[in-house]
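Okay, so here's the structure we're looking at.
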Number of protein chains: 2
Amino acid sequence: MSVSDPVDVLRRFNRGYTQRVGALEESFLGLGMPLGTARLLYEIGVEPGTTRSLRARLGLDSGYLSRLLRRLEDDGLVALGPDPVDRRRRRVALTAAGRRTWDELERRSAERAHRLVDPLTERQRARLSAALAEADLLVRAATVELETVAPTAPLARRAVAAYLTEVGTRIGGAGTFDVEAELAADAGRLAPPHGAFVVATSAGAPVACGGVQALADGGAEIKRMWVDDAWRGAGLGSRLLRRLEELARELGHAVVHLDTNAALTEAIAMYERAGYRQVERYNDNPHATHFFAKDLT
Amino acid sequence: MSVSDPVDVLRRFNRGYTQRVGALEESFLGLGMPLGTARLLYEIGVEPGTTRSLRARLGLDSGYLSRLLRRLEDDGLVALGPDPVDRRRRRVALTAAGRRTWDELERRSAERAHRLVDPLTERQRARLSAALAEADLLVRAATVELETVAPTAPLARRAVAAYLTEVGTRIGGAGTFDVEAELAADAGRLAPPHGAFVVATSAGAPVACGGVQALADGGAEIKRMWVDDAWRGAGLGSRLLRRLEELARELGHAVVHLDTNAALTEAIAMYERAGYRQVERYNDNPHATHFFAKDLT
DNA sequence: CAATTTCTCTGACTAGAGTCAGCGAAATGA
DNA sequence: TCATTTCGCTGACTCTAGTCAGAGAAATTG
């Protein structure tokens with residue numbers, strides 16, 4: 001067995017790691033709370049939300065979640081209130097007592113981690129840190145899911161809003177966007193029959209997106225390419241790009257265009273790596289400074 | 001929270017990893033077999049044994065194990081027979097069908113790992129591989145346990161034998177050792193009241209060792225320093241060295257000596273990093289070419 | 001040889017984790 | 001506005017995982 005076959009390395013790691021460190025999870029126990037309940041409490045503490053968002057994050061059945069929440073509520077650890085946006089849903093947040101329990105969970109978990117790292121020297125800890133951060137990013141990237149969704153879907157709207165915010169700040173305050181107007185424009189052009197929109201999600205949260213639309217004078221155009229800051233460097237951009245090109249091909253196009261701004265240096269580098277060549281300005285987008293095209297062979 | 005604090009990175013990794021890949025464990029499912037049963041089958045496949053040894057390895061209740069075994073037997077996957085040594089116990093081994101199921105478990109586990117790695121590019125896979133291998137080594141190293149044992153203990157004998165084999169091959173066939181004679185010599189000098197022997201174990205197997213003895217003309221000497229090939233580069237050597245110096249101090253010595261061979265380059269580098277300075281030959285060891293000493297402040 | 005201990009197995013439990021169908025309230029679309 | 005869809009909640013389940021006490025066979029001890 002080759003030491004460097006990623007599959008073998010992964011399996012070897014997995015076996016060793018879950019045996020030694022997997023016990024970390026069980027640190028949730030010892031608070032007299034079942035694991036599922038503790039996991040939920042922990043997740044609420046990390047970021048409160050609606051029943052819906054929690055379900056997505058933890059992958060739970062709605063009935064099951066409902067029951068778990070009730071138990072936490074009975075114990076006085078969480079407070080439930082109606083969601084003003086959609087009164088069928090409920091918003092969940094920790095109470096003061098819940099926060100104290102959460103802090104205790106945090107403390108115990110950190111203590112366990114600390115004990116594991118303790119026998120290592122400073123240098124080794126740094127090495128472990130770097131290795132785990134790298135592995136974390138790549139594993140996360142590998143498990144991201146690409147979904148084609150309507151540009152009006154909440155997921156898509158959030159992703160595009162994030163895109164606009166970032167581009168706005170990157171290219172300077174001058175050209176900030178009217179988010180609602182932009183979203184409204186997307187609704188038609190980035191949807192079938194002439195377009196498509198793809199969101200990359202991780203544990204239910206959007207981490208990257210991109211769309212294709214048909215250009216008036218033929219060919220397709222890729223728009224709204226965005227990768228969350230924390231997810232850069234894991235090849236998510238090129239994966240998304242490949243998917244969008246595929247969609248453009250399915251829509252019957254033989255060439256894709258895209259425009260971008262000089263400030264978005266990583267994006268430009270990625271387009272070049274992906275085989276895009278720089279072309280003349282093909283639209284009047286005031287925010288665009290660079291224009292690219294690629295033939296879909 | 002600093003991104004590079006090892007404790008935080010470890011915890012972040014842990015959360016993401018067990019969520020995404022921890023499911024790997026669940027790959028045991030999908031054979032229509034509950035997790036516990038599959039784990040037991042797997043363990044029997046790795047190494048058959050008595051009910052008793054399996055209970056110890058998996059940490060199961062005897063009643064529970066009994067039930068699980070019966071289920072496996074009913075399914076024709078394992079064969080149970082009385083243990084000739086103690087007829088209250090039973091010996092357990094896989095049947096041919098059990099072996100096939102075991103192989104299938106292996107195959108699926110590998111396939112899952114493969115699927116995880118699949119969306120990544122070649123380069124990313126290599127990065128992931130390297131990162132996991134590094135993390136694996138360090139996590140293993142962090143969970144290694146140092147025990148002071150008698151040099152006659154089976155664990156110690158195995159470690160010293162490995163040491164002698166390695167040194168023998170490294171410094172060339174010329175000076176191979178009489179293993180039994182060397183072990184007999186250690187028995188007296190590397191044990192209390194004038195010496196000590198330390199073995200580093202991981203999951204019960206020796207992975208490094210080292211001993212201290214008193215020199216005739218004063219001072220202590222470190223001997224039998226060995227780190228298993230697969231465990232190099234994780235700082236196990238320096239950790240062991242520190243422990244041995246501590247033991248030398250406790251034995252009342254103010255200075256430690258050690259000798260080594262020019263062929264053992266990593267060891268020499270480690271001694272220098274640890275503050276050892278080269279000194280004149282202080283014994284007539286024919287295998288030694290380099291001599292070191294360090295003051296215990 | 002008898003008494004005691006050790007060992008596995010059985011039966012009777014409990015709690016956790018999760019699934020599924022269906023209900024009623026709220027939101028959405030025609 | 002009315003029909004449809006979405007949403008969360010409830011009740012009724014199932015399956016795992018694991019605990020515990022006690023029975024009976026085998027080994028050990030006095």
Side-chain angles (χ1 to χ4, degrees), chain A residues 22-23 25-26 28-44 48-75 78-92 149-150 152-155 157 187 191 204, chain B residues 18-19 22-23 25-44 49-75 78-92:
Chain A
E25 279 311 275
E26 253 108 294
F28 279 129
L29 299 168
L31 272 181
M33 197 185 282
L35 182 62
T37 319
R39 253 177 44 192
L40 176 58
L41 181 74
Y42 184 79
E43 210 56 43
I44 296 170
T50 61
T51 41
R52 182 162 192 69
S53 69
L54 287 169
R55 246 184 31 226
R57 265 149 70 195
L58 288 159
L60 297 176
D61 173 84
S62 86
Y64 186 31
L65 175 66
S66 178
R67 238 177 293 276
L68 290 178
L69 281 175
R70 193 149 65 140
R71 170 149 179 192
L72 287 173
E73 193 183 20
D74 288 349
D75 291 348
V78 308
L80 295 165
D83 180 359
V85 178
D86 181 338
R87 294 213 312 282
R88 288 171 304 185
R89 294 181 193 159
R90 294 209 280 170
R91 305 215 114 255
V92 191
V149 299
T152 49
L155 210 57
R157 292 175 58 92
Chain B
T18 46
Q19 248 177 45
E25 279 312 275
E26 253 107 296
S27 78
F28 280 130
L29 300 169
L31 273 181
M33 195 186 283
L35 183 61
T37 318
R39 252 176 43 193
L40 175 58
L41 181 73
Y42 185 79
E43 209 56 42
I44 296 171
T50 61
T51 41
R52 182 160 192 68
S53 71
L54 286 170
R55 247 184 30 227
R57 264 149 71 194
L58 289 160
L60 298 177
D61 173 84
S62 83
Y64 186 32
L65 175 67
S66 177
R67 237 177 294 274
L68 290 177
L69 280 175
R70 191 146 68 134
R71 172 150 179 192
L72 287 173
E73 192 183 21
D74 288 351
D75 292 350
V78 306
L80 295 166
D83 181 1
V85 178
D86 181 338
R87 294 213 313 282
R88 288 171 304 183
R89 293 181 193 160
R90 294 208 280 167
R91 303 215 115 257
V92 191

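Every chain is numbered from 1 and lettered A, B, ... according to where its sequence line falls, protein lines coming before strand lines.
Summarising the geometry, the separation between CG on B/Leu68 and C1' on C/dC9 is reported as 13 Å, rounded to the nearest angstrom. The separation between A/Leu40 atom CG and C/dA17 atom C1' is 13 Å, rounded to whole Å. C/dA15 atom P lies 17 Å from atom CE of A/Met33, rounded to whole Å. For B/Arg71 and C/dT10, the CZ to P distance is 16 Å, given to the nearest whole Å. In this structure, B/Arg52 atom CZ and C/dT8 atom C1' are separated by 11 Å, rounded to whole Å. Rounded to whole Å, atom C1' of C/dT8 lies 17 Å from atom OH of B/Tyr64. The distance from atom CZ of B/Arg87 to atom P of C/dC9 is 15 Å, rounded to the nearest whole Å. Distance, A/Asp86 CG to C/dT28 C1': 10 Å, rounded to whole Å.
A/Ser62 comes within 4.0 angstrom of a base, heavy atoms only. Nucleic acid contact for A/Arg67: base, since at least one base atom lies under 4.0 Å from a heavy atom of the residue. If you check every strand for non-hydrogen atoms under 4.0 Å, B/Gly36 touches sugar and phosphate atoms only.
Between B/Arg71 and B/Asp74, the closest side-chain pair of non-hydrogen atoms is not below 4.5 Å. Inter-residue side-chain proximity for A/Thr37 and A/Asp75 is flagged as unmet; no heavy-atom pair is nearer than 4.5 Å. Looking at A/Arg55 and A/Ser62, their side chains come closer than 4.5 Å, going by heavy atoms from C-beta outward. In this structure, A/Leu69 and A/Ile44 have side chains that are in contact, with non-hydrogen atoms separated by less than 4.5 Å.
Taking 3.5 Å as the limit, the base of C/dT8 and the side chain of B/Arg88 contain no donor-acceptor pair of atoms between them.
Summary of the strand contacts: A/Pro84 and A/Leu60 both lie near DNA chain C, and taking for each the nucleotide with the nearest heavy atom, the more 5' one is attributed to A/Leu60.
With rounding to the nearest 0.5 Å, the separation of CZ in A/Arg91 from CG in A/Asp86 is 11.0 Å. Atom CG in B/Leu80 sits 4.5 Å away from atom CZ in B/Arg90 (nearest 0.5 Å).
A 4.0 Å heavy-atom criterion places the boundary nucleotides of DNA chain D facing chain A at D/dT6 to D/dA12, written 5' to 3'.
Across A/Thr50 and A/Asp83, no two heavy atoms sit closer than the pair CG2-OD2, 3.3 Å.
Here C/dT19 is the nucleotide among C/dC9, C/dT19, C/dT8 with the atom lying nearest to any side-chain atom of A/Asp61.
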